[in-house]
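Below is one structure; the comments refer to it alone.
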Amino acid sequence: MKLRVALMLGALALVGGACQEAPAASPKPVKPAPAPSRARPKDVSAEDYVMPGLPRAHVRLKDAYGGVHRVEVEVAATGDARTRGLMWRKALPAGQGMLFLFPEEDVRGFWMRNTLIPLDMLFITSEHRIVGIIENAEPRTLANRSVGIPSQYVLEVPGGWCQANGIVKGGAVEFEGVSTVPISP
């Protein structure tokens, strides 16, 4: 009988132990979900696209009266830089602009979908002559602006700058610091 009581007490101890609540596991720290990374936009026309710095140079333009005007320019010599142009700029001071370099002469057309300011566009041949000017091009439009004559370079300056400085079709243009800038399609 002593053996039977001992067995029963042992069995109860086993069952009782199995029914006890397991000790609470120490809480694991919850890691916050990683913040979604802001991928750099790949569309060069997107407002938040960050354009790499562009080469800088100068353009000298002869006016109708024999004077010379020097413009400090950013040089757009790659496809992405030419596509981006002056999009999303809120201002362009007098005496500054952007010079677009193309691999060869062709009839050029520009639109101003995401351009916020009016611009003058000077179309320049490979012989450095102005073959046409579009003055005060209206911003935020898809209208194609072209002079219909082949050009290899296009200079954009603030709207009204050409008239204010006597810059006209046929004028001579000189580049300073452009010859070393590689041009890509």
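Values in this document were obtained by computation on a predicted structure and should not be read as measured data.
- Under the 30°/60° scheme for interplanar angles, the aromatic rings of Phe175 and His128 are found to be tilted.
- Between the side chain of Arg145 and the backbone N or O of Ala143, at least one donor-acceptor pair lies under 3.5 Å.
- Contact record, Ser184 with Thr78: OG-CA, 3.4 Å, taken as the closest heavy-atom pair.
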**Request:** Could you walk me through whether Val71 and Trp161 pass side chain to side chain contact (heavy atoms under 4.5 Å, CB included), step by step?
**Result:** CA-CA 11 Å; Val71 178; Trp161 186 86; 3.6 Å; yes
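- A 4.5 Å side-chain heavy-atom check between Phe110 and Ile134 finds every atom pair outside the cut-off.
- A donor-acceptor pair is defined here as one N or O able to donate and one able to accept, closer than 3.5 Å; such a pair exists between the side chain of Arg82 and the backbone of Ala77.
- Between the CD atom of Glu135 and the CD1 atom of Ile167 there is a distance of 10.5 Å, given to the nearest 0.5 Å.
- The structure places CZ of Arg129 at 8.0 Å from OG1 of Thr125, a figure rounded to the nearest 0.5 Å.
- Rounding to the nearest 0.5 angstrom, the gap separating the CD1 atom in Ile149 from the CD atom in Glu105 is 10.5 Å.
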**Request:** Please assess Leu116 against Trp88 for the test side chain to side chain contact (heavy atoms under 4.5 Å, CB included), listing each intermediate value before the final yes or no.
**Result:** CA-CA 6 Å; Leu116 308 177; Trp88 306 112; 4.3 Å; yes
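- Taking each heavy atom of Pro118 and Pro139 in turn, the nearest pair found is N-CG, 3.8 Å.
- Between Arg89 and Glu74 there is a salt bridge, since at least one side-chain N of the basic residue sits less than 4.0 Å from a carboxylate O of the acidic one.
- In terms of hydrophobic clustering, with Ile, Leu, Val, Met, Phe, Trp and Tyr side chains grouped at heavy-atom distances under 4.5 Å, Leu54 and Phe100 are assigned to a common cluster.
- Glu72 places a side-chain heavy atom less than 4.5 Å from the side chain of Arg56.
- Summarising the geometry, atom CD belonging to Gln163 is positioned 8.0 Å from atom CG belonging to Asn136; distances are rounded to the nearest 0.5 Å.
- By the neighbour-count criterion of 12 heavy atoms within 6.0 Å, atom CD of Glu176 is densely surrounded, having more than that number from other residues, nucleotides or ligands.
- No side-chain donor-acceptor contact under 3.5 Å links Asn114 to the backbone of Met87.
- A pairwise comparison of heavy atoms in Ser126 and Gln152 identifies CB-OE1, 3.1 Å as the closest pair.
- The closest side-chain heavy-atom distance from Glu156 to Ile117 is not below 4.5 Å.
- A pairwise comparison of heavy atoms in Val59 and Val173 identifies CG1-CG1, 3.4 Å as the closest pair.
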**Message:** Could you walk me through whether Met98 and Val73 satisfy the side chain to side chain contact (heavy atoms under 4.5 Å, CB included) test, starting with their C-alpha distance in whole Å, then the side-chain angles of each, then the deciding distance to 0.1 Å, before giving a yes or no?
**Reply:** CA-CA 5 Å; Met98 182 169 281; Val73 296; 5.8 Å; no
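- Residues Val147 and Val154 share a hydrophobic cluster, clusters being chains of Ile/Leu/Val/Met/Phe/Trp/Tyr side chains in contact below 4.5 Å.
- With values rounded to the nearest 0.5 angstrom, Phe123 atom CZ is found 11.5 Å from Ile130 atom CD1.
- Among the candidates Leu155, Val68, Asn165, Val157, the single residue satisfying the side-chain contact (heavy atoms from CB on, under 4.5 Å) test with Leu61 is Leu155.
- Arg108 forms a cation-pi arrangement with Phe102, by the criterion of a distance under 6.0 Å to the ring centre and an angle within 45° of the ring axis.
- Under the 3.5 Å distance criterion, the side-chain polar atoms of Asp106 are left unmatched by any main-chain donor or acceptor of Pro150.
- Here the shortest heavy-atom pairing between Leu92 and Pro158 reads O-CG, 3.1 Å.
- Side-chain contact between Pro103 and Ile183: present, with at least one pair of heavy atoms (C-beta onward) separated by less than 4.5 Å.
- Closest approach of Ser151 and Val131 over heavy atoms only: CB-CG2, 4.4 Å.
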